[in-house]
Protein chains: 2
Amino acid sequence: MVIAVAGLRERKKEQTRRRIAEVALRLFTERGFDAVTVNEIAEAAEVAKATLFAYFPTKESLALHGVGGDPLAEIVARRPPGQTFLEALRAHYRAFAAAQPPEADLDALLARVRVIQSSPALQNAANALLYQQRQALAQVLADEYGPTAAALMAAQVAASLLALQETYFQRLLSGASAEDVARALRQDVELAFDLLQHGLEYVEGR
Amino acid sequence: MVIAVAGLRERKKEQTRRRIAEVALRLFTERGFDAVTVNEIAEAAEVAKATLFAYFPTKESLALHGVGGDPLAEIVARRPPGQTFLEALRAHYRAFAAAQPPEADLDALLARVRVIQSSPALQNAANALLYQQRQALAQVLADEYGPTAAALMAAQVAASLLALQETYFQRLLSGASAEDVARALRQDVELAFDLLQHGLEYVEGR
DNA sequence: GCAATAACCATACTCGGTTCAATAACGAAC
DNA sequence: GTTCGTTATTGAACCGAGTATGGTTATTGC
């Protein structure tokens, strides 16, 4: 009995997609996002430009594929009953911060972060990604809290997590040791959620 | 005694700038942002494309000039002593919500909102504007609260105000009466700042 | 084998934005 | 009111991202 493997067509498609993505990331890493044209990427990946854009809708998506971040709306929607949505998110990010990423992944992440930081256009694109998550989260929360409060809460949460991510990236780029970065991240996660939960007066009152 | 009027050169520049801006806004209003090319705008304003881009750095800026929003960092920096930064912001937005804009301005605002809503690219650009304010605010707050907490707080505040603005725009577009929109805005402002001040548990606990 | 389908390619195009050399308009000084 | 340096403006060529198209090749299901 032969395991039904994906058709040759599908496998080739996947190959092409990966080849494009890898070549793009390599070039971006070597020279920065803005200094690489999509024509170059297409040429180096040995595909036509039209093919490249059949796989990735924009140049930005070439650098950001797989960097979507965690699906906030899902985490909230799937939380166990009795848990507030904020508790669910805190638990998720606490777990993320507790998990020490292996060296190799960290190098790759660092390269990715450097690429993203290399172009304002890319940073905007990354923000736009979170913007969509914000809306999805607002929709999930709307049933419980009404549309206006839900929109406000989702905005606060999404913005906090974006700020958290930026701080994390900066710490990574600053050259601090992996342990220090991880420790700071754990603290920052707690601070971010404390602020969200108890409001800005939480810090104001020291 | 003659009032020292601006030189002819300066006046012409101002004229050109205004002509470009007005033509652009008119075309955007008529056909939507994406359906108008900068070539058309330049032609209709009777300037060369290069001249247009000498006045406005991007196509988006043609639709967003003057829509910067309130300078959060300044409001906070100039607050009277003894007032928390959040109180200062709340007072500012409360005053804004209390002021009934005159009919004519409201029509112009509505047109502007419709244009902005007509293109995702424009909405992203508008977001990016607030993003800069966020960073300026974070810098002002950093002295008092440290960089990490400041970044988180600024992010929450900026995101809340963006959400507030979006809700306001939606209410305007929904065709509700000006009084209803104004009343809802006053409520929303209080809700937004209550959430910021006391945290999400403020609503969670009802 | 043999069509139907889907990936792929080359090419030309649109549009936003930049560059640059040439020119026109202004301001100030004589 | 002529001259001269400055500055706004122009036109036209150029770049890069993204789209449209019509044709070619390879896989698939029969």
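If you're wondering where the values come from, they're calculated on a predicted model, not measured in any experiment. Chain letters run A, B, ... following the sequence lines, proteins first and then strands; every chain starts at 1.
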* To do: Examine C:dC8: is either OP1 or OP2 under 4.0 Å from a nitrogen or oxygen in the side chain of A:Y55? Give yes or no.
  =>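 For A:Y55, the contact criterion (side-chain N or O under 4.0 Å from OP1 or OP2 of C:dC8) is met.
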
* Asked: Can you tell me if the side-chain N/O atoms of A:T51 get under 4.0 Å from OP1 or OP2 in C:dC9?
  ->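 Answer yes for this pair, as a side-chain N or O of A:T51 is under 4.0 Å from OP1 or OP2.
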
Could you state the atom-to-atom distance from [atom1] of [X] to [atom2] of [N] in whole Å?
| X | N | atom1 | atom2 | value |
| --- | --- | --- | --- | --- |
| B:K59 | C:dT14 | NZ | P | 16 Å |
| A:L52 | C:dA10 | CG | P | 13 Å |
| A:D34 | C:dG16 | CG | C1' | 15 Å |
| B:F53 | D:dT10 | CZ | P | 14 Å |
| B:E10 | C:dC26 | CD | P | 13 Å |

Under 4.0 angstrom, heavy atoms only, what part of the nucleic acid is [X] near: base, sugar-phosphate, or nothing?
| X | result |
| --- | --- |
| B:F56 | nothing |
| A:E46 | sugar-phosphate |
| A:K49 | base |
| B:T37 | sugar-phosphate |

* DNA chain D: A:F33 or B:T16, which has the more 5' nearest nucleotide? ->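 Going by which nucleotide is closer to the 5' end, it is B:T16.
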
* Could you tell me whether the side chain of A:L72 reaches within less than 4.5 Å of the side chain of A:F85, counting heavy atoms only? =>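 Counting from C-beta outward, A:F85 and A:L72 never come under 4.5 Å.
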
* To do: Just say parallel, tilted or perpendicular for the rings of B:F193 and B:Y93, cut-offs at 30° and 60°.
  =>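 If you compare the ring of B:F193 with that of B:Y93, the planes turn out tilted.
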
* Asked: Which of parallel (below 30°), tilted (30 to 60°) and perpendicular (above 60°) describes B:F96 and B:Y168?
  ->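 Ring orientation of B:F96 relative to B:Y168: perpendicular.
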
* Asked: If you take atom types as modelled and just measure distance, does the side chain of A:R9 reach the base of C:dT5 with a donor-acceptor pair under 3.5 Å?
  ->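 Side chain to base: pair found, below 3.5 Å.
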
* Asked: Looking at A:F56, is A:R17 sitting on its ring face, NZ or CZ under 6.0 Å from the six-membered ring centre and within 45 degrees of the normal?
  ->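 The answer is yes; both the distance and angle limits are met.
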
* To do: For A:K12 and for B:A50, find the nucleotide of DNA chain C with the closest heavy atom, then tell me which residue's nucleotide is more 5'.
  =>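 The residue whose closest nucleotide sits nearer the 5' end is A:K12.
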
* To do: Would you indicate whether B:E43, at its atom CD, is surrounded by more than 12 heavy atoms from other residues, nucleotides or ligands within a distance under 6.0 Å?
  =>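 Open: at most 12 neighbouring heavy atoms sit under 6.0 Å from CD of B:E43.
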
